[in-house]
Each structure stands twice: as C-alpha cells, then as structure tokens.
Asker: 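Sharing a structure below in structure tokens format, with a few things to ask.
Just so we're on the same page: letters track the sequence lines, and every chain starts at 1.
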There are 2 protein chains.
Amino acid sequence: MPSHSNPTITTIAESAGVSIASVSRVLNGLPVRDATERKVLAAAQSLGYVPNSVARSLKSSRTNQVAFAIEDIGNPVYLAMLREIQPVLKQAGYRLVLHSTGADLDEELEVLRGLGQRYADGLIISPIRVTPEHLAELERATAPVVVIGSLPDGSPVDNVRADSRTGVEMALRHLRDLGRRRIGFVNGPLDTVPGRSRDAAFRAGMRRWGMVLDEDLVHVGAFRRRTGAEATRALLAGDAAAHPDALLCANDLIALGALDVLRERGLRVPEEVAVVGMDDTDLAAASWPALTSVSLGSAERGRRAAQLLLDRLADPGSGREPRVVTVEPSLHVRASTGGDRVADDGAAPR
Amino acid sequence: MPSHSNPTITTIAESAGVSIASVSRVLNGLPVRDATERKVLAAAQSLGYVPNSVARSLKSSRTNQVAFAIEDIGNPVYLAMLREIQPVLKQAGYRLVLHSTGADLDEELEVLRGLGQRYADGLIISPIRVTPEHLAELERATAPVVVIGSLPDGSPVDNVRADSRTGVEMALRHLRDLGRRRIGFVNGPLDTVPGRSRDAAFRAGMRRWGMVLDEDLVHVGAFRRRTGAEATRALLAGDAAAHPDALLCANDLIALGALDVLRERGLRVPEEVAVVGMDDTDLAAASWPALTSVSLGSAERGRRAAQLLLDRLADPGSGREPRVVTVEPSLHVRASTGGDRVADDGAAPR
DNA sequence: TTGTAGGCGTTATCAC
DNA sequence: GTGATAACGCCTACAA
C-alpha cells in the first residue's frame, strides 16, 4: 500500500540509498548503472511516486498548458473550434485551460493579461470585438497568441480568419440560381464582429450577383430564434408582392425562428420562401425542413489555430513574421432550399 | 515601455533598492513602511511585474486549477454540465482544465492517475463506465474528486447522480395519460452507463404504470439518429395493428431519427405516434414537431458537482463522509406529444 | 519595519 | 557513474 503523503525524489533517494541526482537521472532516462536504476525504479514503484508537474514547470518554465478563450462555450461555433483544438493539443502533450469570458470585454482583456502569470505556454483566443486595448495587450503578450477572427493588417500575432464574404456569396448565388430575386436578410447586432462582417458580406454579395438590395428586406436584431421570428413576421406584414422569396439568416438560430413563422403562416419552404442559415451547426440538420447553411469552417479554424500555436511553441527561435490563415467557407444545401431531404446523422452520439 | 524579460521579485527588489522580502510583503499587503511600499509599487508598475503562478503554486501547493473530464464535449449533456461548472469555478478563483477522453477507458483512468502530478487541486469526472480500476484509482486519489454518474454505495468520493428511473416514469405516465398503451423503446448500447440504466428504467416504468411491455417494441442500437430511423422502420414493418402508438427514445438524437421516418411514412406526430426523447438538448426545441423530452438535469448536475468540489477544497480538514446528491429529472412537454406548439428560444445566442 | 536564509520539488552543472 | 549543490520564483520564519 502506497504511503499517503506525497513521495518526492528525496523520499525515493533515501529509500533507495542514492542521491536525488541519481533518482532524477533514472526518471529521465539518463545513463545510469543498472543496479542503481533497479533500486530507484523499485523504490519509486513501491512508494507510488508521481513527478510533481508544478516543480517541473518552475524549473523548465514550461507548463504544458495552452489556454483557449471564448465568449461562450454554449455557442456551437466555439464548441466546434474547441472540439478540434482539444485533440490536437492533447496529441502534442498539452493540457487545455478553458476560459469562457461571457460577453464581457474586460474579462477578455483580463485573460490576455493573465498570460503574464505564466500558467500557460500559449493562448488561442476568439475575441468578441477587437479594440485598441486588445491590440496593445497582444503587442506586449509574454507568450505566443493565436487569434481566431480578423485582425487589422500588421497585427503582431498569428491570425486565423473566416471568409464570410465568400460564404455569403455562395449562398446568394445558390438562391439566384434557384430563381430567387427578392432576398431578405436577418442579421444580429452590427457592433459585433460577425454581425458587421455579415452585413458587409450581404451587401457585397447582392452587388456581386447583380441583385437589387431592398433595405426593407434587411432586419437587424439579436443572434436568436426570436429575432428570426419577429423579423419574418415583419417581412410578411405588408403587400404580398413585396414579400421576400428567400431569406438569408445570419445564423442558424435566426433561421429556425424564420421557419417557425413561415410554418405558422402556412408558407411552403422552399417553394414559396427559401431559407438559408449560417454556421452550419447541428441545429441545421435537426430542423424541419433541414436547413441549408453556410459553414464558415469553425472546426477547421480551430484546428489551424492549434497548429499555428504548436508551431510557435515548438520553435523557440521566435521573431518570425505573424502568419494569417484564411479558411474557406462552404455551402451545405439541404431541404430548406430544395436540397437533399435525407437527414444527415447528427454529430454528437451518446 | 516594460522590459521584455520577465521581472521577478528579485528584479523589483534591486530596482527599488529593498530586499525581496519587502517586495513580497508589499505585494501581499503585509504591513510595510509607506515609503517602502511606494518604492516597490513604483518599481513593480514600471517593470510590468506579474506574479508567477507556477512559483506560487510550488510554494503553496495549490494550483487554483480544477480539472473536468468527460468523454466528449460534443455531447450536449456534457456540454450542459460544463456550462454550469465553468462559472462556478471561475467565481471561486479556479481555472478549468478540460479533458476530453474519447470513448477510451484507459485515457479516463489516465486522467485519474494524472491527479498525482498535482496540476490541479481537484477533479470532476463523468465516467463512461465505472470499473473496479476506477474504484481503485478513486480510492487512492491524492486530491478531491467528484463523480457525476452513479457509483456503488460505499464509494469513497462525492457523487452526483441522475434519476433516470423517475425521469422515464414521468415520460411513461405522460404517454399513458394520453391514452397510449403500445409504447416502443429505442435505446443505445446496453454496456454503457446511460444505456443500461435507461433500459432498467423503461422496464420498471412500464410495470409501475401497469402497461404491457412487448419485447418486439424494444430496440437497441447506438445513441445516434441513424438508430432512431432504423428502429422505427423496423417497428413499422409488420402488421399495422402491431405498430406502437408511442416511442420513447433514449436520447434526442434517436428521437430525431424516429421523426424522420415517421414523416417519411406520412404518419402524424403525435396523433398516430407520439415521440419522446431524452436529455432535453437544444435539438429538442429545434426539431419539428418540437420534441417532448426528459431532462435528467445535466446542468444542475454540473453545478452541484462544482459546489461539492469547492466545498471540499475550502475545508482542508477532510475525512468527511462522501456525499451523494441525486438531481430531480423533469419532463419538457412539446409538440411531439401534443404539447405547446410555440417554439422556445434556443439557448445559445451569438 | 526590514533583511537573511531556507525550502517547495525538479533539473542540471559541477567536481569527484 | 555518482553525489553535492545551485538554481527556478515565491513565501515566511527568524533575527536584526
């Protein structure tokens, strides 16, 4: 039965009748006489020795931890990132420290500053908004940081971006090819990174494919189901001739709300109104009709971010140029725009 | 501009012209002469000093970290736990280390053993299966552990349980009250904790409410959408008189698969077949018809587990009896059994 | 009030 | 090959 207090190399050294240096050597596989090795291993075994990672970290100044900071893990987009990041880090021998900051900018900055405490060797962060304070903290960060989300050119850290512009273009082109011309757009808040970029993408995309943008068909609310419902009600309020024949929703939750109201009004989807969501979360496949959705590649963004960070960590000779990676979007066509009616198998088994 | 190498209390001491002890005292708010305090704070400020948490941990033998280990964060049940655990720990000043073990029992045991490395002050774990090895490791754990999921009586650690028995009873009673008698059951693997307990709960529940259990209406597969679809097809294969008039599905994903096939066959839900899921995930509200689902209180289980652990951590005088907490289930009635047709707002905004 | 010194558990550099 | 011994950065008796 192993003793209950924690054995250290000193304990083992005494027990085995050697010096702590020899114990350390054995435990680290350095050359040692056979007999010594045996004695040490036997003692370690019988005492139930486990190396203390904190002491190791102090000596090596490496924690073997990487932090990942996001606004809310409940958001499927961040969850998708996390699911990719986790195994990549584990594979490389790093533990994952998870920070969920809430919609609080200060907490986000706090995480950035917290790096100075050296509890982690690096950080992956997907900021809600990028303020000058963010850039200042990134500048002075004492450990490698990778940012998921767009950063101004010339920013000092590695950066993994989505391409919502192209993603929205794909969706609009799909709708145009289906003969739709009166495209409604339901967005989240314009003072968030995704809200603003999706708004810009919608405007650019409409122009790109030569469609007329009717401001009456553009609604802004929250990234929630309720917004989708309310906006859709509003869009269906006036003259039928003015109704949209397609809706682009800035995320899947909004699209679900839109579907609720279309169903309630007896409008057929996609025959009368086609609906497209964004982010391609599990909800898209769960809804009925299943939702066509633009994927901005969250999973891949997570994976790429983790790889960039590991790369930095592996190469101590830093000073390299910050790298920018842009992940390709993709369009997943399902029943809500007339695509495949066979449901795909959801992602998360139990 | 702060120097780029890391200032330590030694650096500050030199810069301020005092001893490291004084620096430490100032930083920890111990009584110091005013002038000293000023000098030290000024030096710390201008050098951009941040205390090194590793060194602190080595000295204090507290890491201010808590580990949370689950099979897969993609599983909404574990995600719900995580979402509750995280803020509770943060509030108490602990960082969260996340382990996703995959379906691998060895990795799970590895996490338990890893506690010996002292990288965390405590652990919350929700094991896939509880083997004798698990119990042995729990016995010798060097830090407080809380297990989410049932443990044999007399196990040495705190334990937060679901009550699937009562949850299933609620669902079956609901179906019986709707006049349903031929209840089908679609389950996941029987060699998993949830699979086994849900099977037992179904059998007990049918007995409890005086309904006849027809083994032909019981199907076992995976906890996936495909299983729901396949089982439902099989259940609808024979004589119409033998078809079930209600389906209890062991999780929401299975229920979605059942809905797919019922829709494909033109069977009305709930009029011809009522459907109930389990776990009450976001998918339940997203589906159409929205899914009635049994919640086993994952969120609350997470919260309670975190509280139990904090409790242990706060009270160094340990040796207290292990505590067992059982969380009440609840039934969320929606359209798939004739409940409210108004969709609720999904959980995760963006 | 302040400084010196020892120790938390490891690793690594010396001599022997 | 092995054993003292000095760090790593911090806290804290103890002595001044």
Asker: Indicate yes or no: at least one non-hydrogen side-chain atom of B:Tyr78 is less than 4.5 angstrom from one of B:Ile73.
Answerer: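 SC-SC contact between B:Tyr78 and B:Ile73 ruled out.
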Asker: Checking all strands, does B:Pro51 fall into the base, sugar-phosphate, or nothing category for heavy-atom contacts under 4.0 angstrom?
Answerer: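 Touches sugar-phosphate only.
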Asker: Do B:Arg301 and B:Val77 have side chains that get closer than 4.5 Å, going by heavy atoms?
Answerer: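 Yes, side chains in contact.
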Asker: So, is B:Tyr49 close to the D:dC10 phosphate, meaning a side-chain N or O under 4.0 Å from OP1 or OP2?
Answerer: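 Checking B:Tyr49 against D:dC10: at least one side-chain N or O falls below 4.0 Å of OP1 or OP2.
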Asker: Rounded to whole angstrom units, what separation is found between the CG atom of A:Leu58 and the C1' atom of D:dA6?
Answerer: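 Rounded to whole Å, this separation is 13 Å.
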Asker: Which nucleotide in the list D:dG9, D:dT2, C:dT11 gets nearest to the side chain of A:Ile9?
Answerer: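 Of the options given, the side chain of A:Ile9 lies nearest C:dT11.
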Asker: OP1, OP2 of D:dC11 versus side-chain N and O of B:Ser24: anything below 4.0 Å?
Answerer: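 So the side chain of B:Ser24 is within the cut-off, an N or O lying under 4.0 Å from OP1 or OP2 of D:dC11.
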Asker: Using whole Å, what does the distance between atom P of nucleotide C:dG9 and atom OH of B:Tyr119 come to?
Answerer: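 After rounding, the gap between these two atoms is 19 Å.
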Asker: Would you state whether a donor and an acceptor, one from the side chain of A:Lys59 and one from the base of C:dT11, lie under 3.5 Å apart?
Answerer: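 Result: at least one qualifying N/O pair found.
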Asker: For B:Arg25 and C:dT4, give me the distance from atom CZ to atom P, rounded to whole Å.
Answerer: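 My rounded result for the distance is 11 Å.
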Asker: Is A:Arg56 near enough to C:dT11 that one of its side-chain N or O atoms lies under 4.0 angstrom from OP1 or OP2?
Answerer: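 For A:Arg56, the contact criterion (side-chain N or O under 4.0 Å from OP1 or OP2 of C:dT11) is met.
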Asker: More 5' along DNA chain D: B:Thr8 or A:Ala35, using each one's nearest nucleotide?
Answerer: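 Here A:Ala35 is the residue nearer the 5' end.
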Asker: Check whether any side-chain N or O of A:Arg33 sits under 4.0 Å from OP1 or OP2 of D:dT2, and answer yes or no.
Answerer: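 So the side-chain polar atoms of A:Arg33 do come within 4.0 Å of the phosphate oxygens OP1 or OP2 of D:dT2, strictly under.
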Asker: Side-chain N or O of A:Thr36 less than 4.0 angstrom from OP1 or OP2 on D:dG1?
Answerer: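 The answer is no; no side-chain N or O of A:Thr36 sits under 4.0 Å from OP1 or OP2.
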Asker: Taking any heavy-atom pair under 4.0 Å as a contact, classify A:Ile20: base, sugar-phosphate, or nothing.
Answerer: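 Base, at least one base heavy atom under 4.0 Å.
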Asker: Rounded off to whole Å, could you give me the CG-to-C1' distance for the B:Leu27 and D:dT12 pair?
Answerer: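 Those two atoms, CG and C1', are 14 Å apart.
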Asker: What is the distance from CG of A:Asn52 to C1' of C:dT11, rounded to the nearest Å?
Answerer: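 So the two atoms are 13 Å apart, to the nearest Å.
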Asker: For B:Asn28 and D:dC11, is the shortest distance between a side-chain N/O and OP1 or OP2 below 4.0 Å?
Answerer: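 For D:dC11, OP1 or OP2 has a side-chain N or O of B:Asn28 closer than 4.0 Å.
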Asker: Quick check on D:dG3: is either OP1 or OP2 less than 4.0 Å from any side-chain nitrogen or oxygen of A:Ser22?
Answerer: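 Answer is yes, contact under 4.0 Å.
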Asker: Would you mind reading off the distance between B:Glu14 atom CD and C:dG3 atom C1', rounded to a whole angstrom?
Answerer: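 Value for this atom pair: 15 Å.
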Asker: A:Glu37 CD to D:dT2 C1': how many Å, rounded?
Answerer: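 Checked: the CD to C1' distance equals 15 Å.
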Asker: What pair of heavy atoms forms the shortest contact from B:Leu115 to B:Tyr119, and how long is it?
Answerer: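 Smallest heavy-atom distance, with atoms named: N-CE2, 4.3 Å.
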Asker: How about A:Asp121 and A:Thr63: does a side-chain donor come under 3.5 Å of a side-chain acceptor?
Answerer: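 There is such a pair (donor and acceptor under 3.5 Å, judged by atom type) between the side chains of A:Asp121 and A:Thr63.
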Asker: What nucleic acid atoms does B:Val18 come within less than 4.0 Å of, heavy atoms only: base, sugar-phosphate, or nothing?
Answerer: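 The answer is sugar-phosphate, as B:Val18 gets under 4.0 Å only of primed atoms, P, OP1 or OP2.
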Asker: If you measure from the Lys or Arg side-chain nitrogens to the Asp or Glu carboxylate oxygens, is any gap between B:Asp106 and B:Arg129 under 4.0 Å?
Answerer: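 No.
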